[in-house]
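Working notes, structure below.
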Amino acid sequence: MALMDIFSEKTILTVSRLTALIRGVLEDNFDQVWVEGEISNLSLPSSGHIYFTLKDSGAQVRCVMFKSAAKNLKFRLSDGMGLIVRGRISVYDQRGEYQIICEYLEPAGIGALQLAFIQLKERLAREGLFDEAHKRPMPRFPKRVGVVTSPTGAAIHDILNVLKRRFASLEVLLYPVRVQGDGAAREIAAAIADMNRLAEVDVLIVGRGGGSLEDLWAFNEEIVARAVRRSRIPIISAVGHETDWTICDFAADLRAPTPSAAAELVSASAEELRGQVESLIHRLRLGIESYLAGRESRLDLLRRALHDPTILMGHLAQRVDDLTERLALGLENSLTRRREQFHRLEQSFSFKNPIHAITDQRQRLQRLESDGNRLIQSKMEGLRLAFGEQAARLEVLSPLSTLARGYAIALKSTDGTVVTDAARLAEGELLRLTFHRGTAACRVESRDT
Amino acid sequence: MATEKFETALKKLEDIVKRLEGGSLSLEDSLKAFEEGVKHAAFCSRKLDEAERRVEVLLKRKDGTFDREPFEPEE
């Protein structure tokens with residue numbers, strides 16, 4: 001039945017038929033979608049399929065990733081994680097739900113491999129796999145070096161070049177493995193285990209030359225990290241360039257920035273060893289020669305002394321003189337040295353002497369003090385002048401100065417009030433006159449108003 | 001392991017040189033020490049020289065045992 005028929009006629013559909021039709025529409029039109037959202041309701045049953053809901057603030061959609069696709073997933077999912085999903089839309093008939101069948105997942109905002117690296121590193125670190133306490137010491141004098149890498153890669157080439165250049169007398173046992181692509185990690189881990197079973201080498205270099213994060217990925221796999229940690233033979237990890245850090249680097253006993261650097265690390269001790277033996281041989285020869293020379297000259301002296309004892313006496317006397325002179329010279333030198341030392345100290349002392357600092361501060365204080373005094377004095381002077389002016393003005397208002405010019409103040413004897421109006425006086429009334437100097441009692445003879 | 005013997009010889013050589021340099025040995029002991037030192041020194045040098053730079057590649061057989069072949073890197 002064509003889809004159009006459903007709408008044009010009154011066709012009764014079964015639920016299954018309707019669902020099948022809807023599924024057809026969705027699967028035909030959404031066979032490849034990319035969707036970004038946040039994980040919720042994550043479920044990881046033992047079947048290996050992954051179920052979750054992808055949601056944003058407005059909607060949600062069910063998602064499933066079947067085991068066949070899920071086994072390629074490097075990082076771990078968790079609720080709340082931002083995710084980008086690639087897949088197709090299908091319908092889950094039994095529930096009448098549409099869902100995304102996911103083929104590929106990547107974390108939003110960060111690469112999938114980067115996230116996988118961070119997650120594995122954290123997990124293994126928590127487990128203590130990288131603890132310093134686990135690190136085996138490097139052998140001081142390695143004789144045989146195992147190398148786990150590609151036989152055609154840059155790493156083995158660089159390692160052999162360095163050993164050749166340094167004339168390092170080391171035996172190299174190469175265990176050829178693939179260092180990238182599917183199955184590489186398993187091969188590397190197995191090689192490390194085999195090398196431990198063979199137990200022929202003193203130290204093991206595991207690594208490869210530089211490449212992209214994807215190329216180096218085998219060295220970020222858990223299986224390699226665990227094989228490295230399980231190894232009884234000390235392992236130097238040498239993956240990529242100086243800036244590339246892998247899980248293998250963290251798990252190894254020593255991390256070399258490059259394969260060449262790893263070769264230098266194992267051959268340095270051989271070179272050092274050769275130098276050590278050579279210097280010992282030199283010292284051995286020198287030791288016996290100077291010993292014999294010393295004995296010989298002493299013997300010579302004694303032999304001659306047998307013939308003529310004064311030779312020995314003279315020799316001893318000379319030695320005494322020599323020692324005396326050296327003693328005097330030594331004393332003087334020592335004194336001179338001490339004197340110079342003292343002068344040096346004295347100079348540095350007077351330079352740093354706190355007395356100077358105190359004197360400086362004291363002078364500064366005195367300066368401040370006299371400045372202050374001057375300031376106060378001039379301020380006082382100003383105030384004094386101002387006071388004088390004010391006082392002069394006050395003088396003008398004072399009745400005393402008026403009195404000095406010959407005026408007098410008349411006060412009633414009865415109540416002491418000032419008389420300013422003759423009309424208020426009665427004849428015969430007593431007044432008290434106050435002059436510039438002194439007072440007088442007066443009687444009113446007459447008044448004139 | 002040969003490495004062990006080498007290290008023992010090296011240690012003995014070191015001790016002998018120190019004793020000889022100390023100068024408190026009798027003539028006879030000095031000569032004896034020297035002679036012994038020379039022997040250890042020769043052993044150490046030989047050990048260092050005889051380890052030629054051999055490079056082998058391991059080839060795993062089906063039964064899990066290994067073959068070895070000289071390894072020639074491609075230039």
Side-chain angles (χ1 to χ4, degrees), chain A residues 139-148 151-154 156-161 163-164 166-177 187 190-191 194-195 197-202 267 270-271 273-274 276-292 294-295 299, chain B residues 1-7 9-60 64-66 68-75:
Chain A
R140 274 183 68 207
F141 314 114
K143 293 282 293 170
R144 283 174 70 82
V145 180
V147 182
V148 173
T152 55
I156 187 66
H157 190 258
D158 291 350
I159 288 170
L160 293 180
N161 265 349
L163 296 184
K164 195 153 131 196
R166 304 193 120 206
F167 302 104
S169 47
L170 281 167
E171 288 174 29
V172 177
L173 191 58
L174 170 66
Y175 195 118
V177 291
E187 276 187 33
D194 279 344
M195 279 298 212
R197 256 195 303 284
L198 281 169
E200 286 181 13
V201 297
D202 305 317
S267 59
E271 213 161 287
L273 206 59
R274 196 177 281 279
Q276 204 178 339
V277 169
E278 264 156 29
S279 119
L280 280 173
I281 292 173
H282 181 69
R283 278 168 63 192
L284 185 70
R285 192 171 299 139
L286 214 65
I288 195 71
E289 272 169 12
S290 73
Y291 180 89
L292 289 176
R295 289 296 158 115
L299 185 67
Chain B
M1 222 184 235
T3 317
E4 300 266 329
K5 272 203 207 143
F6 175 87
E7 285 195 57
L10 189 69
K11 180 85 187 59
K12 278 185 185 158
L13 178 57
E14 244 164 7
D15 290 345
I16 286 166
V17 168
K18 271 186 204 135
R19 262 193 296 148
L20 200 61
E21 284 173 341
S24 56
L25 295 179
S26 70
L27 179 62
E28 201 183 337
D29 286 345
S30 290
L31 288 174
K32 226 188 271 173
F34 176 72
E35 206 176 332
E36 207 186 332
V38 167
K39 250 193 293 187
H40 290 308
F43 176 81
C44 288
S45 299
R46 200 170 60 241
K47 278 285 153 200
L48 281 177
D49 290 338
E50 79 183 9
E52 84 218 68
R53 218 158 9 84
R54 209 166 56 193
V55 182
E56 286 180 328
V57 59
L58 271 178
L59 301 169
K60 197 172 187 174
T65 58
F66 290 93
R68 278 146 229 264
E69 276 179 11
F71 178 70
E72 290 299 330
E74 297 160 14
E75 283 301 323

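- A heavy-atom distance below 4.5 Å is found between the side chains of B/L58 and A/L198.
- Side-chain contact check for B/R68 versus A/L173: some heavy-atom pair is nearer than 4.5 Å.
- The shortest non-hydrogen separation linking B/S45 to A/V277 is OG-CG1, 3.8 Å.
- Considering only heavy-atom pairs separated by less than 4.5 Å from chain A, the leading option among B/I16, B/L27, B/L31 is B/L27.
- B/E14 and A/R283 are not joined by a salt bridge, as no carboxylate oxygen comes within less than 4.0 angstrom of a charged side-chain nitrogen.
- Closest non-hydrogen pair, A/Y291 versus B/S30, comes out as CZ-OG, 3.0 Å.
- Between chain B and the options A/L292, A/V147, A/D194, A/V145, heavy-atom pairs under 4.5 Å are most frequent for A/D194.
- Within 6.0 Å of CD in B/E35 there are 12 or fewer heavy atoms belonging to other residues, nucleotides or ligands.
- Neither the backbone nor the side chain of A/L286 comes within contact range of chain B; no heavy atoms are under 4.5 Å apart.
- Looking at heavy atoms from C-beta onward, B/V55 lies out of side-chain contact with A/L174 at the 4.5 angstrom threshold.
- Distance check, rounded to the nearest 0.5 Å: CD of A/E200 to CZ of B/F66 gives 9.5 Å.
- Here A/R274 contributes atom CZ and B/C44 contributes atom SG; the two are 11.5 Å apart, rounded to the nearest 0.5 Å.
- Considering CD of B/E36 and CG of A/L284, their distance stands at 10.5 Å, rounded to 0.5 Å.
- The minimum heavy-atom distance linking B/K60 with A/Y175 is given by the pair CD-OH, 3.7 Å.
- Using a 4.5 Å cut-off on side-chain heavy atoms (C-beta onward), A/V172 and B/E56 make no contact.
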